[in-house]
Amino acid sequence: MNIRDIAALAGVSPATVSKVINNKDDSITEETRERVLRIVKEYNFKPFRKYIQNESTFSGFVGLLLPGSAKAFSDYIAGAQAAAAAEGYSMVLCTCQEERDLEKHLNNLFNRGVDGVSFYLDREVDFRRAFANAPEKLVRTAATNRRSLAGQCAAYCAFSDATRMAAEHLIRLGHREIALLGWKDHFLTEDLVAGYNEALYEHDILPREAVFLCDSPEDVMDHVRQITYGLSTAFLCQDAQIAACVYRVLSRYGLQIPKDYSVISISDHRAPLDVFEPDLTMVDVQLRALGQAAMESLILGIEGKGKAPETKCFAPRLWQGASVASPLKGRGRRIVVVGSMNMDVIIHMTHIPTSGESLHSQRILNLPGGKGANQAVGAAKLGGNAYVIGCLGGDQEGRLLYNSLVENGVSTAGVQIIHEKPTGKAYILVGENGESTIVRAHGANDELQPDVVRANEECFKDAEFCLISTEMPWKTVEYAINFCATKGIKTIVKPTIQTVIPPEILQKITYLVPNEKELEVQVPGSKSVEEKAEFLFNSGPQNVLVTLGEKGCYLHSKDLKRHFPAADFQAVDTTGAGDAFIGALAVYLSEGHDIVPSIQFATYAAGLSVTRDGVQPALADRMVLEIYSDKYNID
Ligand code: RIB
């Protein structure tokens with residue numbers, strides 16, 4: 001390629017090309033100049049040797065100078081490379097292991113005639129000294145992960161914030177024992193550990209010996225094996241390669257993600273990585289974007305297109321996969337839930353229509369529900385050790401419901417898929433005041449027969465509580481209550497308005513939790529709630545706990561007859577508040593708390609659940625509830 005070829009491609013004379021590349025282009029239009037430069041860059045044309053020494057001309061080369069190994073920077077390099085290529089530059093990569101070699105590497109780049117150097121700052125380096133011999137006009141930009149250096153750089157990503165975000169995500173779901181896995185001698189490892197420590201410190205969690213820095217995948221896998229013998233409930237990985245090692249060891253040991261362990265990784269991938277099953281939850285640290293931004297800024301400087309922009313900051317972003325859930329190794333004993341699972345079709349309208357009325361809905365949502373699934377998810381989100389027994393159809397709805405259980409940390413070994421039936425559905429009309437009316441189609445729930453419970457007796461091993469709602473075949477309700485009574489497992493039973501529970505079954509119930517309408521079905525008549533609760537209590541259950549919506553709840557037990565006020569929250573959708581209440585009650589009781597604080601805890605769980613649409617997505621997690629426990633001095 002010579003100057004004539006360039007001239008032909010640009011449709012100008014060789015003299016014009018010469019003027020442009022030698023900056024003697026006053027007489028040439030901007031458009032022609034741009035066209036010539038584009039082709040010069042594209043073909044990486046170097047007219048003659050002298051040009052390389054001439055600072056005012058360009059070579060079409062840019063330098064990328066990195067500390068440490070190129071492997072650690074692969075995403076960053078890809079971003080820089082893409083930015084250089086997009087502008088027609090070729091990139092020369094130089095890695096510098098020792099700071100004392102910096103000047104030597106820079107010199108190599110100058111001698112190559114690069115138009116500018118984009119470098120990465122991972123520590124305080126005296127670049128002024130290193131650049132002392134560089135041509136004055138050589139353009140330079142930098143990127144960094146160091147907060148203290150961000151001001152001097154074109155681009156900055158807070159890697160420690162990414163790690164903190166990942167650790168906080170786990171903490172919010174109830175994890176306290178989080179193992180950190182990182183690479184030894186990696187330029188980001190210091191930030192990784194710093195972000196992790198910050199998160200633990202902010203949440204008053206004592207750092208244990210849980211930071212493992214590895215030098216190879218084999219080393220990672222050895223550590224993972226050791227960690228599985230200890231207390232940890234979650235792995236925080238420096239990158240997807242480490243996460244892959246964790247997945248591999250856990251699967252080899254028959255341990256499930258996220259049921260047995262949660263896994264979260266720092267990553268530069270904006271979308272889920274297909275190789276992970278279940279999808280890996282990640283915090284995107286945007287290293288690629290960082291490399292790209294620093295290179296773009298360099299090229300802007302080289303081409304004199306405006307002054308250097310302000311430091312571009314890349315904040316980390318959380319990608320929720322399916323590899324993180326509340327820890328099952330929670331504080332309490334096992335809670336088994338036997339009950340229905342529905343896809344809720346929630347239809348919002350101004351008011352619940354009366355007979356013959358035709359109404360328009362402003363919003364229709366499809367969300368996972370069903371009393372059994374709701375109670376299990378409610379318990380698991382609060383850190384309860386929740387197992388569920390129930391039936392789903394082999395359809396898309398069934399898959400969504402199953403995922404919701406898994407993602408929220410419910411053990412699903414007791415879930416049976418009934419391929420020939422559809423998943424149960426509940427059509428829920430919600431008025432503007434949050435009150436709701438439900439029509440159900442049982443579908444696969446009809447198959448929740450005593451045999452299914454019998455086949456899953458393993459789930460009851462070491463169980464303290466069994467939550468049962470009568471929204472399933474009555475034979476199964478009876479079977480589950482009788483089974484628990486013989487095994488000494490306490491039952492929390494939610495009756496529906498369709499069922500009058502006979503005395504021989506009432507006597508075996510530990511906690512009966514009707515709402516006002518359900519109480520009326522059990523004890524019809526004009527007596528007060530207190531009188532009806534007493535009557536019901538005298539028929540057998542050890543505790544009768546009547547939920548009263550915005551009036552709170554009323555407990556009648558052997559030692560206590562007491563009203564509890566409701567938590568004061570604005571209702572958007574009251575559906576499932578009873579399920580939230582029961583799930584939370586079981587969790588707090590299973591942790592050894594007394595009934596009074598457990599009811600207070602459950603009251604806030606129910607209150608929070610009505611503030612959002614649907615049931616399962618609206619159920620509160622542990623951290624939120626604990627804020628209320630502190631604020632209202634529960635227990
Ligand atoms: O308690 C609320 C639940 O009742 C809804 O999720 C719906 O599925 C119905 O079963």
Side-chain angles (χ1 to χ4, degrees), residues 337-348 352 364-381 388-393 395 397-398 400-402 404-405 408 410 415 421-431 434-448 467-474 476-477 492-499 512-519 521 545-549 553 571-586 602 605-620:
V337 184
V338 184
S340 60
M341 303 180 176
N342 295 327
M343 179 52 73
D344 289 350
V345 182
I346 304 166
I347 309 168
H348 284 268
I352 309 297
I364 299 183
L365 305 164
N366 287 280
L367 293 170
K371 291 197 180 354
N374 294 344
Q375 291 170 4
V377 168
K381 273 188 158 181
V388 72
I389 298 175
C391 295
L392 291 170
D395 46 17
E397 279 91 356
L400 288 170
L401 273 153
Y402 190 84
S404 175
L405 293 167
N408 287 297
V410 178
V415 176
K421 287 230 168 169
T423 296
K425 290 214 177 47
Y427 297 90
I428 306 177
L429 309 184
V430 184
E435 292 298 328
S436 61
T437 298
I438 307 182
V439 177
R440 287 193 312 270
H442 294 173
N445 289 309
D446 279 340
E447 302 307 311
L448 180 49
L467 315 186
I468 299 164
S469 53
T470 63
E471 190 182 274
M472 63 176 157
W474 174 251
T476 312
V477 176
I492 303 183
V493 178
K494 170 93 183 141
T496 55
I497 50 172
Q498 288 83 18
T499 335
L512 183 67
V513 191
N515 63 25
E516 231 173 322
K517 282 190 191 139
E518 291 153 357
L519 180 66
V521 172
L545 185 48
V546 188
T547 55
L548 301 165
C553 63
V572 171
D573 177 359
T574 58
T575 318
D579 302 333
F581 184 91
I582 287 173
L585 182 74
L608 283 163
S609 79
V610 304
T611 59
R612 285 193 276 162
D613 282 323
V615 185
Q616 290 176 31
L619 293 163

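As the structure lists them, so they are numbered: ligands from 1, and atoms in each ligand from 1. By convention here, the first residue in the shown sequence is residue 1.
Heavy-atom contacts of K371 reach the following atoms of ligand 1: 1 (O), 2 (C), 3 (C), 4 (O), 10 (O) (cutoff under 4.0 Å). Using a 4.0 Å cut-off to heavy atoms of D579, the atoms of ligand 1 that qualify are 1 (O), 2 (C), 3 (C). Against a heavy-atom cut-off of under 4.0 Å, G576 is close to the following atoms of ligand 1: 1 (O), 2 (C). Counting atoms of ligand 1 from 1 in the listed order, those under 4.0 Å from a heavy atom of V615 are 6 (O). In summary, the atoms of ligand 1 found under 4.0 Å from a heavy atom of A426, numbered by their order in the structure, are 7 (C), 8 (O).
Residues H348 and D613 have side chains in contact (heavy-atom distance under 4.5 Å, counting atoms from C-beta outward).
Remark: ligand 1 and T575 share no N or O pair separated by less than 3.5 Å (distance only, no angle test). At under 3.5 Å, a nitrogen or oxygen of N342, whether backbone or side chain, sits near a nitrogen or oxygen of ligand 1. Remark: ligand 1 and R440 share no N or O pair separated by less than 3.5 Å (distance only, no angle test).
The closest approach between any non-hydrogen atom of G370 and ligand 1 is below 4.0 Å.
Residues T496 and Q498 bring a donor and an acceptor atom of their side chains to less than 3.5 Å of each other.
Although no hydrogens or angles enter the test, the distance criterion places a donor-acceptor pair under 3.5 Å between the side chain of K381 and the main chain of Q616. T423 places a side-chain N or O within donor-acceptor distance of the main-chain N or O of G398, the cut-off being under 3.5 Å. Under a 3.5 Å cut-off, the side chain of D573 and the backbone N or O of T575 do form a donor-acceptor pair.
Counting protein heavy atoms only, atom 7 (C) of ligand 1 is closest to D344 OD1, 3.3 Å. Protein heavy atom closest to atom 9 (C) of ligand 1, with residue, atom name and distance, is E471 OE1, 3.7 Å.
Shown here for I352 and T437, the closest heavy-atom pair between the two residues is CG2-OG1, 3.4 Å. Minimum interatomic distance between P368 and L401 (heavy atoms only, all atoms of both residues): CB-CD2, 3.6 Å.
Legend: residues meeting side-chain contact (heavy atoms from CB on, under 4.5 Å) with A444, ordered by chain and number and at least two apart, are C391, I418, K421.
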